[in-house]
Amino acid sequence: QSLLSPVLRSKGLLWIDSQPREALQWSHAGQMIRFRHWGYWGDSSVNPPAELGRAAEKARLAYEALVQADLGPARNELVFIGSGMDETAMRKMLDKCLLTPSEFEALQMTLGRRHRGVHRAVK
């Protein structure tokens, strides 16, 4: 049985190395999962999809507050909702998805500049 079987819903913001400047929205319910463009890290004009309505506005304001608090914009911020989840095992599984310091350094060299806040996505 998968560690994620007890998860009924999950959501959040996602940073991935193949699209380092883009903030992605993670949305999962039941057997459906969707990843879509949310905006650009560090862009104060992040415009989440309009169909998300009021929830999108709340998320945008929360995002801007994090940026203004200098917590660095790029990060993975996920919430899992369910019953009987093994948090420790799930964290270990998700940690395996993070860049190692050498992988992150190679990404920075490829991009040609440092991305403030991206270091939070590194082990």
Side-chain angles (χ1 to χ4, degrees):
Q1 184 177 6
S2 168
L3 285 172
L4 298 178
S5 293
V7 177
L8 302 174
R9 180 153 168 43
S10 60
K11 58 186 178 176
L13 292 175
L14 188 63
W15 177 87
I16 60 173
D17 63 342
S18 63
Q19 296 171 277
R21 293 177 178 92
E22 287 189 60
L24 300 177
Q25 178 199 24
W26 165 310
S27 178
H28 153 253
Q31 294 182 347
M32 184 198 79
I33 189 163
R34 178 184 300 168
F35 302 99
R36 63 180 166 179
H37 177 81
W38 181 263
Y40 294 93
W41 297 114
D43 182 354
S44 62
S45 64
V46 172
N47 293 311
E51 66 269 19
L52 295 178
R54 190 171 166 190
E57 179 62 14
K58 283 184 171 181
R60 185 186 62 74
L61 292 172
Y63 170 83
E64 287 182 2
L66 286 169
V67 172
Q68 290 173 6
D70 199 28
L71 296 176
R75 67 194 175 284
N76 295 309
E77 186 175 300
L78 303 173
V79 175
F80 294 89
I81 303 161
S83 179
M85 296 180 291
D86 183 343
E87 181 182 346
T88 302
M90 287 175 62
R91 284 181 180 271
K92 282 184 178 180
M93 179 186 67
L94 291 169
D95 282 349
K96 292 178 183 177
C97 299
L98 299 175
L99 294 176
T100 64
S102 61
E103 291 169 332
F104 180 67
E105 187 177 315
L107 176 65
Q108 288 179 314
M109 291 176 66
T110 300
L111 294 174
R113 67 181 181 91
R114 296 186 84 81
H115 284 271
R116 204 185 82 186
V118 174
H119 67 277
R120 287 177 174 74
V122 179
K123 288 183 189 175

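For the numbers below, each heavy atom of this structure counts, side chains included, while hydrogens, waters and symmetry mates do not.
- Summarising the geometry, atom NZ belonging to K11 is positioned 12.5 Å from atom NE2 belonging to H28; distances are rounded to the nearest 0.5 Å.
- Residues meeting the side-chain hydrogen bond (donor to acceptor under 3.5 Å, both in side chains) test with S18, sequence neighbours left out: none.
- Taking Q1 as the reference, nothing meets the side-chain hydrogen bond (donor to acceptor under 3.5 Å, both in side chains) condition, with sequence neighbours excluded.
- Counting side-chain heavy-atom gaps under 4.5 Å among Ile, Leu, Val, Met, Phe, Trp and Tyr, M32 is found in no cluster with other residues.
- Remark: S83 engages no residue in a side-chain contact (heavy atoms from CB on, under 4.5 Å) (not counting sequence neighbours).
- Cluster partners of V7, by chain and number: L3, L4, L14, I16, L24, W26, I33, F35, L78, F80, M85, M90, M93, L94. The rule joins Ile, Leu, Val, Met, Phe, Trp and Tyr whenever side-chain heavy atoms lie under 4.5 Å apart.
- Screening Q25, E22, Q19 for a side-chain hydrogen bond (donor to acceptor under 3.5 Å, both in side chains) with H37, the sole residue that qualifies is E22.
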